[in-house]
Amino acid sequence: MATSEELLTARIVCRAVLPVIKVMLEDDPKTATAFQDTVGRVQFVADDPAGRVGACLCFDKGAFTVLQEIIPDADVTFAFSSVPKMNAFFAGKPVVPALGPLMKGVFGNFGLVVNTVKLMLGLKLLMPTASPKDPVKARLKVKMTLYMISTALSQLNKAGDAEMNKWTAKQPDRIYQWSVDGTDIACYLRIKAGKTKAGRGVYTRRKPFIHMRFAGVEGAIPVLNNEVDSLQAMARGLVVSEGSPEYGAKVGDFMLRIAGLLT
């Protein structure tokens with residue numbers, strides 16, 4: 001049976017990692033072209049004694065959604081014998097999903113399978129070892145990573161993580177904002193009396209309680225890859241953290257926790 005940490009990782013994969021595929025479909029011309037006429041549903045499922053875990057990617061001629069459920073009639077199913085194996089697959093480990101009867105429709109939907117595998121390879125941009133030099137890929141990495149982090153922090157709270165719940169419980173209505181100078185990349189986490197919600201763009205209804213501003217895409221990558229610690233990043237001008245140093249540091253700690261779960 002999967003541990004609570006393994007189930008938490010799977011939740012973050014399904015609810016924070018898979019949704020950023022939308023960024024690739026919208027911002028990467030090659031990916032957008034590959035899926036512009038695609039209609040299909042691709043499912044990822046892991047078996048566990050406590051119940052199956054997974055999510056379904058839904059493609060509809062450029063439109064994209066993620067169903068947080070397991071459906072009986074997916075066009076393609078990538079099946080894993082355990083939650084840890086599914087987590088390892090998304091962490092870039094050499095894990096191969098079960099084939100044959102467990103991978104329904106694989107031969108009838110070969111093109112969909114091939115393109116999905118390419119998407120999974122694209123998700124490797126989220127890895128701390130990825131430092132793309134191509135401007136398009138570099139921008140994708142930063143945007144996908146920040147979107148994933150803001151959502152993952154909210155999911156950490158919604159999953160009932162004790163430390164995160166304690167930290168959010170007594171906070172009034174606060175906005176934790178991330179943005180990248182010189183781009184339109186921005187996202188935020190709203191915390192209000194123990195509840196959290198992640199959002200895209202700049203929150204305009206109130207001033208951020210904490211605002212982490214990265215010095216462009218090139219400045220953001222070493223910070224997001226944990227190649228430098230927060231003090232070095234600020235000293236080198238790679239990031240500016242506006243607001244409470246104490247709360248900013250705590251957000252950084254939770255970001256490292258997310259990174260640890262996913263790698």
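Only a predicted model underlies this, so the values are computations on that prediction, with no experimental measurement involved.
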Worksheet item: Got a donor-acceptor contact below 3.5 angstrom from the D134 side chain to the K137 backbone?
Response: yes
Discussion item. Checking the side chain of K124 only, and the main-chain atoms of A91 only, is there a donor and an acceptor separated by less than 3.5 Å?
Written reply: no
Discussion item. Taking the side chain as everything from C-beta on, heavy atoms only, tell me whether F90 gets closer than 4.5 Å to L18.
Written reply: yes
Worksheet item: Nearest heavy-atom pair of G237 and A215: which atoms, and what distance?
Response: O-CB, 3.2 Å
Worksheet item: Does NZ or CZ of R174 fall inside the cone over Y247's six-membered ring, less than 6.0 Å from its centre and within 45° of the axis?
Response: yes
Discussion item. Side chain to side chain contact (heavy atoms under 4.5 Å, CB included), that's the test. Do V217 and K143 meet it? Break it down for me.
Written reply: CA-CA 9 Å; V217 167; K143 189 173 184 178; over 6 Å; no
Worksheet entry | Full working for side chain to side chain contact (heavy atoms under 4.5 Å, CB included) between K61 and Q36 | CA-CA 5 Å; K61 296 184 178 180; Q36 64 183 356; over 6 Å; no
Item to complete: Output, in order, the C-alpha distance, side-chain angles, deciding distance and verdict of side chain to side chain contact (heavy atoms under 4.5 Å, CB included) for Q43 and I71.
Response: CA-CA 8 Å; Q43 189 159 251; I71 63 175; 3.3 Å; yes
Practice prompt. Can you label the angle between the F89 ring and the F80 ring as parallel, tilted or perpendicular, going by 30° and 60°?
Written response: tilted
Worksheet item: Same cluster or not: are V76 and L123 linked, directly or through other Ile, Leu, Val, Met, Phe, Trp or Tyr residues, by side-chain heavy atoms under 4.5 angstrom apart?
Response: yes
Worksheet entry | Under 3.5 Å donor-acceptor, T77 side chain and A79 backbone | no
Worksheet item: With a 4.5 Å limit on heavy-atom distance, are the side chains of P222 and L238 in contact?
Response: yes
Fill in: Donor-acceptor pair, side chain of E26 and main chain of V23, under 3.5 angstrom
no
Worksheet item: Hey, does the side chain of D48 reach the backbone of A2 with a donor-acceptor pair shorter than 3.5 angstrom?
Response: yes
Practice prompt. Only pairs at least two apart or in different chains count here, so list each side-chain hydrogen bond (donor to acceptor under 3.5 Å, both in side chains) that has a residue in residues 144-153.
Written response: S150-R200, T151-R200
Item to complete: Report yes or no: do N87 and K93 form a side-chain donor-acceptor pair below 3.5 Å?
Response: no
Discussion item. Side chain to side chain contact (heavy atoms under 4.5 Å, CB included) for L146 and V180? Distances and angles first, verdict last.
Written reply: CA-CA 10 Å; L146 288 177; V180 181; 3.7 Å; yes
Worksheet item: Is there a side-chain contact between D47 and S81, using heavy atoms and a 4.5 Å cut-off?
Response: no
Worksheet item: Between Y203 and W178, does the ring centroid distance fall short of 6.0 Å?
Response: no
Worksheet entry | Side chain proximity check, S131 to E227, heavy atoms < 4.5 angstrom | yes
Worksheet item: If we only count heavy atoms from C-beta on, is the I221 to F214 side-chain gap below 4.5 Å?
Response: no
Discussion item. Applying salt bridge (Lys or Arg N to Asp or Glu O under 4.0 Å) to K250 and E163, what does each step give before you reach the verdict?
Written reply: CA-CA 11 Å; K250 192 62 178 178; E163 186 178 0; 2.6 Å; yes
Fill in: Side-chain (Q177) to main-chain (C187) donor-acceptor, under 3.5 angstrom
yes
Worksheet entry | Heavy atoms of other groups near E246 CD, more than 12 under 6.0 Å | no
Fill in: Any R11 side-chain heavy atom under 4.5 Å of K158 side chain
yes
Discussion item. Under a 3.5 Å threshold, yes or no: a donor from one side chain and an acceptor from the other, between H211 and S179?
Written reply: yes
Worksheet item: Would you say the side-chain atoms of Q68 pair up with the backbone N or O of C14, donor to acceptor, closer than 3.5 Å?
Response: yes
Discussion item. If you count every heavy atom of other residues, nucleotides or ligands that lies below 6.0 Å from R205 atom CZ, does the total exceed 12?
Written reply: no
Per-pair distances, 0.1 Å, donor-acceptor, side chain in residues 251-263, under 3.5 Å, sequence neighbours excluded:
{"unit_1": "R257", "atom_1": "NH1", "unit_2": "D161", "atom_2": "OD1", "d": "2.8"}
{"unit_1": "R257", "atom_1": "NH1", "unit_2": "D161", "atom_2": "OD2", "d": "3.4"}
{"unit_1": "R257", "atom_1": "NH2", "unit_2": "E5", "atom_2": "OE2", "d": "3.0"}
{"unit_1": "R257", "atom_1": "NH2", "unit_2": "D161", "atom_2": "OD1", "d": "3.1"}
{"unit_1": "T263", "atom_1": "OG1", "unit_2": "A259", "atom_2": "O", "d": "2.8"}

Practice prompt. State plainly whether one hydrophobic cluster holds both V66 and L7, where clusters connect Ile, Leu, Val, Met, Phe, Trp and Tyr through side-chain heavy atoms under 4.5 angstrom apart.
Written response: yes
Worksheet item: So does E218 have more than 12 non-hydrogen atoms from other groups sitting under 6.0 Å from CD?
Response: no
Discussion item. Minimum heavy-atom separation for K141 and A130, please, with both atom names.
Written reply: CE-O, 3.1 Å
Practice prompt. Identify the residue among V228, D229, V142 that makes a side-chain contact (heavy atoms from CB on, under 4.5 Å) with V223.
Written response: V228
Worksheet item: Any side-chain heavy atom of M144 within less than 4.5 Å of one from M24?
Response: yes
Worksheet entry | Beyond-backbone contact of L57 with F64, side-chain heavy atoms, under 4.5 angstrom | yes
Fill in: Heavy-atom pair with the smallest gap, counting every atom of I210 and G243
CD1-C, 3.8 Å
Worksheet item: Would D27 and K22 satisfy salt bridge (Lys or Arg N to Asp or Glu O under 4.0 Å), going step by step from the backbone distance to the final call?
Response: CA-CA 8 Å; D27 292 13; K22 187 174 184 178; over 6 Å; no
Worksheet entry | Over all atoms of both residues, closest heavy-atom pair of M212 and S241 | CG-OG, 4.3 Å
Response to the item:
Correct closest heavy-atom pair for M86 and A10 would be CE-CB, 4.1 Å
Discussion item. Tell me the closest heavy-atom pair linking A46 and S82, and the distance in Å.
Written reply: CB-O, 3.6 Å
Discussion item. Run the side chain to side chain donor-acceptor pair (under 3.5 Å) test against T9 and tell me which residues pass, sequence neighbours left out.
Written reply: none
